[in-house]
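First listed ligand is number 1; within each ligand, the first listed atom is number 1. This structure is a prediction, so every number in the text was calculated from the model and none was measured.
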Amino acid sequence: MTILTVETKPFADQKPGTSGLRKKVPHFQQPHYAENFLQAIFDAAEVPAGAKLVIGGDGRYFNREVIGRAIRMAAANGVGHVIVGQNGLLSTPAASNLIRKRQAMGGIILSASHNPGGPDGDFGIKYNVANGGPAPETVTERIYARTKKLTEYKIAEAAAPDISLVGTTQFEGIMVEVVDPVADYAALMEELFDFELIRNAISNGLTLCFDAMHAITGPYAMEILHKRLGAPQGSIINAVPLEDFGGGHPDPNVVWAAPLVDHLMSPHAPDFGAASDGDGDRNMILGRGIVVTPSDSLAVLAANAHLAKGYSAGLAGIARSMPTSQAADRVASRLGVGIYETPTGWKFFGNLLDAGKVTICGEESAGTGSNHVREKDGLWAVLLWLNILAARKQSVLEIVEEHWRDYGRNYYQRHDYEEVDKAAAEELMDSLRGRLASMSGQRFGTLVVSEADDFSYMDPVDGSLSTGQGIRIIFSGGSRIVFRLSGTGTVGATLRVYLELYEPNAARHNLPVETALAELIETADIIGEIRQRTGREQPDVRT
Ligand code: G16
């Protein structure tokens with residue numbers, strides 16, 4: 001093999017965010033930009049000679065190009081065996097599964113998740129480690145440190161191999177194995193869920209609509225929901241993955257999946273609706289007449305998981321990210337299992353899952369998953385819901401309302417202010433930080449601050465400390481306002497404001513969310529000085 005050693009200069013902006021490095025496509029297209037980051041990954045990973053590496057992506061624009069380069073660089077950096085999805089496609093959870101199942105050293109996942117794609121859209125590169133999960137902060141810090149020092153990278157001179165056919169080929173002395181992206185993942189789902197029960201429920205009239213948003217889950221949903229579970233083909237919409245997601249925004253929420261929401265609210269609604277995002281790790285769950293918030297979905301799934309065969313032995317514990325509502329905490333307490341509150345980012349669940357402390361994890365950002373892989377998993381959540389619906393023979397609405405009656409309702413909403421001036425957003429956060437110490441005891445209308453802090457997390461498994469993870473303002477009675485800046489945006493800053501109110505009284509469980517949260521919303525603006533500092537009257541997205 002001829003290995004080229006290419007001279008390069010460090011880029012100053014390759015610090016991985018909440019989930020890898022995300023930038024606009026033209027930014028990634030600068031000469032050497034992607035190669036530098038890939039080389040930093042290989043250096044930080046200290047590739048054992050002949051190691052196995054999984055490579056795949058969500059099929060967005062520029063994927064093919066970077067996958068070719070990644071394979072050529074893997075060959076030049078000591079990898080002995082590359083496992084790549086056919087045509088470079090792998091959903092994030094499927095990649096996580098392959099890493100684990102094939103005992104790979106890790107995986108390179110090319111995706112910008114729910115961010116839009118296309119020539120002017122977003123692109124991203126993420127490294128997952130041997131447990132199948134996103135690299136922990138110790139590793140992302142090492143990657144970042146390397147990006148600041150790189151002067152060269154190594155790449156095989158040969159043109160990238162053809163990855164359009166399933167099978168194994170030799171490429172420059174290493175093995176390149178092209179796999180069916182769906183097969184192993186579908187087999188894993190069959191181990192966890194009662195396919196026969198779900199198939200029977202569907203053949204007896206349970207109707208559904210799954211929106212793949214022209215992203216990666218189309219082929220997975222066709223194989224699992226249509227072929228194996230018998231949902232009519234028409235129940236899977238936008239099923240063909242497109243490089244630009246059909247011009248859409250593959251983010252499964254009420255704004256970007258509005259047609260699906262409208263359908264579920266219409267008189268012809270199916271019983272169950274769901275959507276997933278660009279790379280297949282997020283989910284949105286709906287029933288006829290109801291959108292289930294991700295926080296409620298986590299709580300309901302945790303409370304009912306024992307109904308699926310993969311979880312019939314019960315849960316070891318539950319983990320949620322800090323801004324996620326505390327609905328799951330009540331389930332954990334009822335089950336008598338541990339509850340863990342982590343910073344935003346799936347990577348923080350990895351140690352808890354590996355140590356067997358938790359079985360189910362979830363985040364308000366439409367992510368739920370379990371110990372079956374080390375990523376959140378959109379279709380997994382859909383299948384667990386279907387399993388529960390089939391077992392309980394109730395509607396989504398009935399199940400959620402019963403859950404609220406049983407545990408109380410955590411009213412919840414997240415307000416996003418997108419593309420805010422970065423400096424203004426940082427000043428807003430700094431100002432809040434500066435006032436934290438004096439906040440306790442302050443009264444805002446009927447709300448009295450009982451605690452205010454900048455969230456930090458000590459990993460109970462490896463003792464690592466993560467600080468500055470979001471401002472929490474907790475009021476007596478348990479209501480909360482959380483302020484944090486997104487770590488996944490690519491333009492300016494995205495300010496996220498998370499609002500939560502606990503309502504034990506069942507007579508007050510059917511208020512419009514914004515009515516229930518009105519006082520908190522107003523208080524968030526007063527405490528955060530949002531209007532004044534961002535110039536925004538309203539959030540861009542409420543989820
Ligand atoms: C990523 C992370 C999630 C996180 C989400 C939102 O999701 O994997 O753990 O909750 O970003 O992060 P932020 O609030 O910083 O934008 P994904 O689906 O984009 O990979």
Side-chain angles (χ1 to χ4, degrees), residues 15-23 57-58 60 91-93 95-96 107 109-117 121-128 132-137 140 213 215-217 245 249-253 256 275-284 294-295 298 319-325 341-350 352-353 361-369 373-381 414-420 425 429 455 457 466 468-471 482-498 539-541 543:
K15 185 175 170 58
T18 310
S19 189
L21 183 67
R22 289 190 192 161
K23 302 281 175 200
D58 63 10
R60 68 178 57 228
S91 76
T92 291
S96 181
I109 302 178
L110 308 177
S111 167
S113 185
H114 54 291
N115 297 7
D122 289 357
F123 189 74
I125 303 180
K126 179 168 94 154
Y127 180 59
N128 280 29
E137 279 196 334
T140 55
M213 304 190 88
I216 190 77
T217 49
F245 310 115
H249 203 126
D251 192 354
N253 63 31
W256 301 113
S276 189
D277 69 331
D279 62 331
D281 57 1
R282 295 187 175 208
N283 71 83
M284 176 166 70
S295 295
L298 170 66
R320 64 164 173 84
S321 67
M322 180 274 280
T324 304
S325 97
E341 185 176 38
T342 61
T344 295
W346 204 263
K347 59 191 171 206
F348 292 101
F349 295 138
L352 298 171
L353 290 162
C361 311
E363 295 188 282
E364 52 66 39
S365 56
T368 343
V373 289
R374 293 294 180 272
E375 287 279 3
K376 54 189 185 276
D377 188 344
L379 269 169
W380 171 89
R414 185 180 94 189
H415 291 187
D416 292 342
Y417 298 81
E418 293 174 345
E419 299 188 21
V420 170
M429 294 299 286
F455 182 62
Y457 176 69
S466 304
Q469 297 293 327
I471 305 286
V482 172
F483 294 87
R484 70 175 271 285
L485 299 184
S486 156
T488 58
T490 55
V491 184
T494 297
L495 169 69
R496 302 204 196 284
V497 183
Y498 311 81
D540 298 281
V541 180
T543 56

### Message
Within the 4.0 Å heavy-atom shell around G345, which atoms of ligand 1 are there?
### Response
9 (O)
### Message
I'd like to know whether CH2 of W346 has more than 12 heavy-atom contacts from other residues, nucleotides or ligands below 6.0 angstrom.
### Response
yes
### Lys/Arg N to Asp/Glu carboxylate O, R320 vs E363, below 4.0 Å
no
### Query
Checking D377 side chain against P93 main chain: does a donor-acceptor pair fall under 3.5 Å?
no
### Query
Which of parallel (below 30°), tilted (30 to 60°) and perpendicular (above 60°) describes F348 and Y457?
perpendicular
### Summary
In this structure, atom 15 (O) of ligand 1 is nearest to the protein heavy atom G487 N, 2.6 Å
#### Entry: Heteroatom proximity flag, R484 to ligand 1, N/O under 3.5 Å
yes
### N/O donor-acceptor pair under 3.5 Å between S113 side chain and N115 backbone
no
### Query
Touching ligand 1 at all, S321? Heavy atoms, strictly under 4.0 Å?
no
### Task
For ligand 1, note which part of E364 has a heavy atom under 4.0 Å away: side chain, backbone, both or neither.
neither
### T488 contact mode with ligand 1 (heavy-atom cut-off under 4.0 Å)
both
#### Entry: K126 and ligand 1 - part of the residue with a heavy-atom distance under 4.0 Å
neither
### Query
Out of R282, K347, E375, whose heavy atom is nearest to atom 6 (C) of ligand 1?
R282
### Query
Is it the side chain, the backbone, both or neither of S486 that has a heavy atom closer than 4.0 Å to ligand 1?
both
### Query
Between OG1 of T543 and OH of Y498, what distance do you get to the nearest 0.5 Å?
8.5 Å
### Summary
The atoms of ligand 1 lying under 4.0 Å from a heavy atom of R496, numbered in the order shown, are 13 (P), 14 (O), 16 (O)
### Query
D416 and T494: side-chain donor and acceptor closer than 3.5 Å?
no
### Task
Using distance alone, decide if ligand 1 has a nitrogen or oxygen within less than 3.5 Å of any nitrogen or oxygen in E363.
yes
### Query
Can you tell me the protein heavy atom closest to atom 17 (P) of ligand 1 and the distance?
S113 OG, 3.1 Å
### Query
Contact between R22 and ligand 1, counting heavy atoms under 4.0 Å?
yes
### Query
Is the shortest distance from a Lys or Arg side-chain nitrogen in D279 or R60 to a carboxylate oxygen in the other one below 4.0 Å?
no
### Query
Are any of the N/O atoms in L485 less than 3.5 Å from those in ligand 1?
no
### Query
Is it the side chain (CB and beyond), the backbone, both or neither of K376 that lies under 4.0 Å from ligand 1, heavy atoms counted?
side chain
### Query
What are the atoms of ligand 1, with element, lying closer than 4.0 Å to any heavy atom of H114?
18 (O), 19 (O)
### Query
Nearest 0.5 Å, what's the CE-CG distance between M429 and L485?
5.0 Å
### Query
atom 10 (O) of ligand 1: which protein heavy atom is closest, and how many Å away?
S365 OG, 2.7 Å
### Criterion salt bridge (Lys or Arg N to Asp or Glu O under 4.0 Å) on E375 and K126, from CA distance to verdict
CA-CA 12 Å; E375 287 279 3; K126 179 168 94 154; 2.7 Å; yes
### Query
Quick check: does any side chain N or O of D277 sit under 3.5 Å from a backbone N or O of R282, one acting as donor and the other as acceptor?
yes
### Message
Strictly distance-based, threshold 3.5 Å: is any side-chain N or O of S96 a donor or acceptor partner for the main-chain N or O of G132?
### Response
yes
### Proximal ligand 1 atoms for T344, defined as those under 4.0 Å from one of its heavy atoms
4 (C), 10 (O), 12 (O)
### Query
Looking only at heavy atoms, is any part of N115 under 4.0 Å from ligand 1, and if so is it the side chain, the backbone, or both, or is it neither?
neither
